[in-house]
Chemist: 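So that we are looking at the same thing, I have put the structure below in structure tokens.
Note that the structure is predicted; figures quoted are calculated from it, not measured. Sequential numbering from 1 along the given sequence is applied to the chain's residues.
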Amino acid sequence: MPAMNDDDNSDNSDNSDRNDDNAAVEVFLPSTYEKAVPYNLFARLREESPVCRIPEPAVGPWRAGPGYWAVFRHADVKHVLRTPEDFSSHLGATQIRDPDTPADLEFVQVQMLNMDPPGHSRLRRIVAAAFTPRAVRALERTIAQRAAALFEEGECDFVEVAADLPVWTLAHIMGVPEQDKRLLYDWASRVIGYQDADYAGLSTADVNALTPMGRRAVQVRPRPEPGVNPRSRAALADMFAYAHALAESPVDDESIIPRCAGAA
């Protein structure tokens with residue numbers, strides 16, 4: 001076997017570093033997930049770079065970000081989740097893209113996902129109380145009835161059905177009136193698909209069919225503007241206006257979260 005000199009070692013090391021960098025970039029790019037979940041990529045990172053710095057290159061109209069640390073092994077992930085004193089969800093919040101301004105950061109820090117104990121634990125107990133076995137069994141029956149209704153007409157667009165059911169269920173849990181449930185679909189699409197121009201400004205709800213509460217919310221919906229984060233409070237002014245109105249409205253007998261929160 002031929003001897004390997006220092007230059008050979010250096011070349012191999014450089015190639016390995018470049019491969020690791022390429023894998024890290026792939027984790028961030030939306031195009032990586034267009035066709036399937038990249039299981040092989042994650043398996044390789046678990047093996048070779050279980051704790052890895054992920055760069056945030058510019059994507060379309062979105063400017064580059066500072067990057068972030070990703071943890072890929074299950075035991076390490078559990079440690080991160082269970083050690084909030086070292087790995088805070090509150091300090092910089094949990095979204096990949098950093099909030100644009102200190103005011104935006106302060107706004108997202110009050111959301112349950114971006115809290116550390118004891119605040120997170122208190123809210124989690126409130127929500128958990130709504131999902132007793134009895135409540136979940138009732139919800140299961142409701143979801144089954146909705147799923148059956150979606151297929152009653154025979155042929156359908158499965159993508160539409162797959163998108164409708166989870167959003168409808170969430171709206172049902174939160175007590176959103178039937179007429180306004182399409183608003184939730186639009187908001188979910190805008191928040192999740194913010195990097196896609198077709199979704200960032202999505203508006204499919206029939207304004208004339210909405211409740212007065214829904215129509216008032218639509219009236220304050222801002223137009224999408226370049227450079228404005230579509231997930232910021234300013235860009236989702238209609239969603240927050242509706243949320244405040246819903247919190248003050250009477251709750252029906254079937255919705256879960258408003259009843260539980262009101263009791264708390």
Chemist: Side-chain contact test, heavy atoms from C-beta onward, threshold under 4.5 Å: evaluate it for H120 versus P84 and give yes or no.
Modeler: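 No, their side chains stay 4.5 Å or more apart.
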Chemist: Between atom CG of L81 and atom CG of D76, what is the distance when rounded to the nearest 0.5 Å?
Modeler: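 With rounding to 0.5 Å, CG (L81) is 11.0 Å from CG (D76).
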Chemist: Check this for me: R53, atom CZ, are more than 12 non-hydrogen atoms of other residues, nucleotides or ligands nearer than 6.0 Å?
Modeler: yes
Chemist: Closest approach of V51 and W69, non-hydrogen atoms and distance?
Modeler: CG1-CE3, 4.0 Å
Chemist: Same cluster for V108 and L113 if Ile/Leu/Val/Met/Phe/Trp/Tyr side chains link at under 4.5 Å?
Modeler: no
Chemist: Compare all side-chain heavy atoms of Y242 with those of L184 and state whether any distance is below 4.5 angstrom.
Modeler: no
Chemist: Does any N or O in the side chain of D98 come within less than 3.5 Å of the main-chain N or O of G65, such that one atom is a donor and the other an acceptor?
Modeler: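 The answer is no, because no donor-acceptor pair under 3.5 Å joins these two groups.
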Chemist: Compare every heavy atom of L105 with every heavy atom of L91, then report the nearest pair and how far apart it is.
Modeler: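 Reported closest heavy-atom pair: O-CD2, 3.9 Å.
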Chemist: Mind running side-chain contact (heavy atoms from CB on, under 4.5 Å) on V25 and N22 for me, showing each step along the way?
Modeler: CA-CA 5 Å; V25 171; N22 291 337; 5.7 Å; no
Chemist: Taking 4.0 angstrom as the limit, do D100 and R63 come out as a salt bridge?
Modeler: yes
Chemist: Parallel, tilted or perpendicular for H79 and F87, by the 30°/60° rule?
Modeler: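 The arrangement is perpendicular - the two ring planes meet at more than 60°.
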Chemist: Under 4.5 Å between side-chain heavy atoms, counting indirect links through other Ile/Leu/Val/Met/Phe/Trp/Tyr residues: same cluster for M239 and V220 or not?
Modeler: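 They do not share one cluster, since no chain of ILVMFWY contacts under 4.5 Å joins M239 to V220.
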Chemist: Is any side-chain heavy atom of R221 less than 4.5 Å from a side-chain heavy atom of R190?
Modeler: yes
Chemist: Assess whether atom CG of D86 is packed by more than 12 heavy atoms of other residues, nucleotides or ligands within 6.0 Å.
Modeler: yes
Chemist: Is the number of heavy atoms from other residues, nucleotides or ligands under 6.0 Å of E140 CD greater than 12?
Modeler: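 It does not: E140 CD has 12 such atoms or fewer within range.
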Chemist: Pick out which of V191, V167, T204 makes a side chain to side chain contact (heavy atoms under 4.5 Å, CB included) with D186.
Modeler: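 Result for side chain to side chain contact (heavy atoms under 4.5 Å, CB included) with D186: T204.
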Chemist: Under the criterion salt bridge (Lys or Arg N to Asp or Glu O under 4.0 Å), I'd like the reasoning laid out for K181 against E178: C-alpha separation, chi angles, the key distance, then a yes or no.
Modeler: CA-CA 5 Å; K181 287 179 178 177; E178 181 68 33; 3.4 Å; yes
Chemist: For Q109 and H90, indicate whether the former's side chain and the latter's backbone hold a donor-acceptor pair under 3.5 Å.
Modeler: yes
Chemist: Test your reading of the model: is there a side-chain donor-acceptor pair from S49 to the backbone of L45, 3.5 Å cut-off?
Modeler: no
Chemist: What closest approach, in Å, do L246 and G175 show between heavy atoms, and which atom pair accounts for it?
Modeler: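 Nearest pair, atom of L246 first, then G175: CD1-O, 3.6 Å.
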Chemist: Can you find a heavy atom in the side chain of D164 that is under 4.5 Å from one in the side chain of R146?
Modeler: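 With C-beta onward as the side chain, the pair touches.
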Chemist: Tell me whether E106 at atom CD has more than 12 heavy atoms from other residues, nucleotides or ligands lying less than 6.0 Å away.
Modeler: no
Chemist: Taking side chain to side chain donor-acceptor pair (under 3.5 Å) as the criterion, tell me which of N114, T83, D116 meets it with S88.
Modeler: D116
Chemist: May I ask you to decide if the ring planes of F42 and F72 are parallel, tilted or perpendicular, using 30° and 60° as cut-offs?
Modeler: tilted
Chemist: What heavy-atom pair brings M213 and D180 nearest, and what distance separates the two atoms?
Modeler: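 Here M213 and D180 meet closest at CE-OD2, 4.1 Å.
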Chemist: Can you tell me how far CH2 of W168 sits from OG1 of T142, rounded to the nearest 0.5 angstrom?
Modeler: 6.0 Å
Chemist: For the pair R73 (side chain) and R46 (backbone), establish whether a donor and an acceptor sit closer than 3.5 Å, ignoring hydrogens and angles.
Modeler: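 Yes.
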Chemist: How long is the straight-line distance from OG of S89 back to CD of Q111, given to the nearest 0.5 Å?
Modeler: 12.0 Å
Chemist: Do L183 and V218 have side chains that get closer than 4.5 Å, going by heavy atoms?
Modeler: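 Side-chain contact under 4.5 Å: yes.
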Chemist: So which atom in A24 and which in I54 form the shortest heavy-atom distance, rounded to 0.1 Å?
Modeler: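 For A24 and I54, the tightest heavy-atom pair comes out as O-CG2, 3.5 Å.
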Chemist: Report yes if the side chains of I143 and H172 come closer than 4.5 Å at any heavy-atom pair, otherwise no.
Modeler: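 Side-chain contact under 4.5 Å: no.
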Chemist: Are the side chains of V80 and V77 in touch, meaning some heavy atoms are under 4.5 Å apart?
Modeler: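 Counting from C-beta outward, V80 and V77 never come under 4.5 Å.
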Chemist: How close do E56 and G67 get, heavy atom to heavy atom, and via which atoms?
Modeler: OE2-N, 2.8 Å
Chemist: Side-chain atoms of residues 28-39: list all donor-acceptor pairs with protein atoms under 3.5 Å, sequence neighbours left out, distances to 0.1 Å.
Modeler:
unit_1, atom_1, unit_2, atom_2, d
T32, OG1, E26, O, 2.5
T32, OG1, L29, O, 3.3
Y33, OH, V27, O, 2.5

Chemist: OH of Y185 to CG of L170: how many Å apart, nearest 0.5 Å?
Modeler: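 Answer for the OH-CG pair, Y185 versus L170, is 14.5 Å.
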Chemist: With rounding to the nearest 0.5 angstrom, report the CG to CH2 distance, L236 to W187.
Modeler: 9.0 Å
Chemist: Does some side-chain heavy atom of R182 sit less than 4.5 Å from a side-chain heavy atom of D206?
Modeler: no
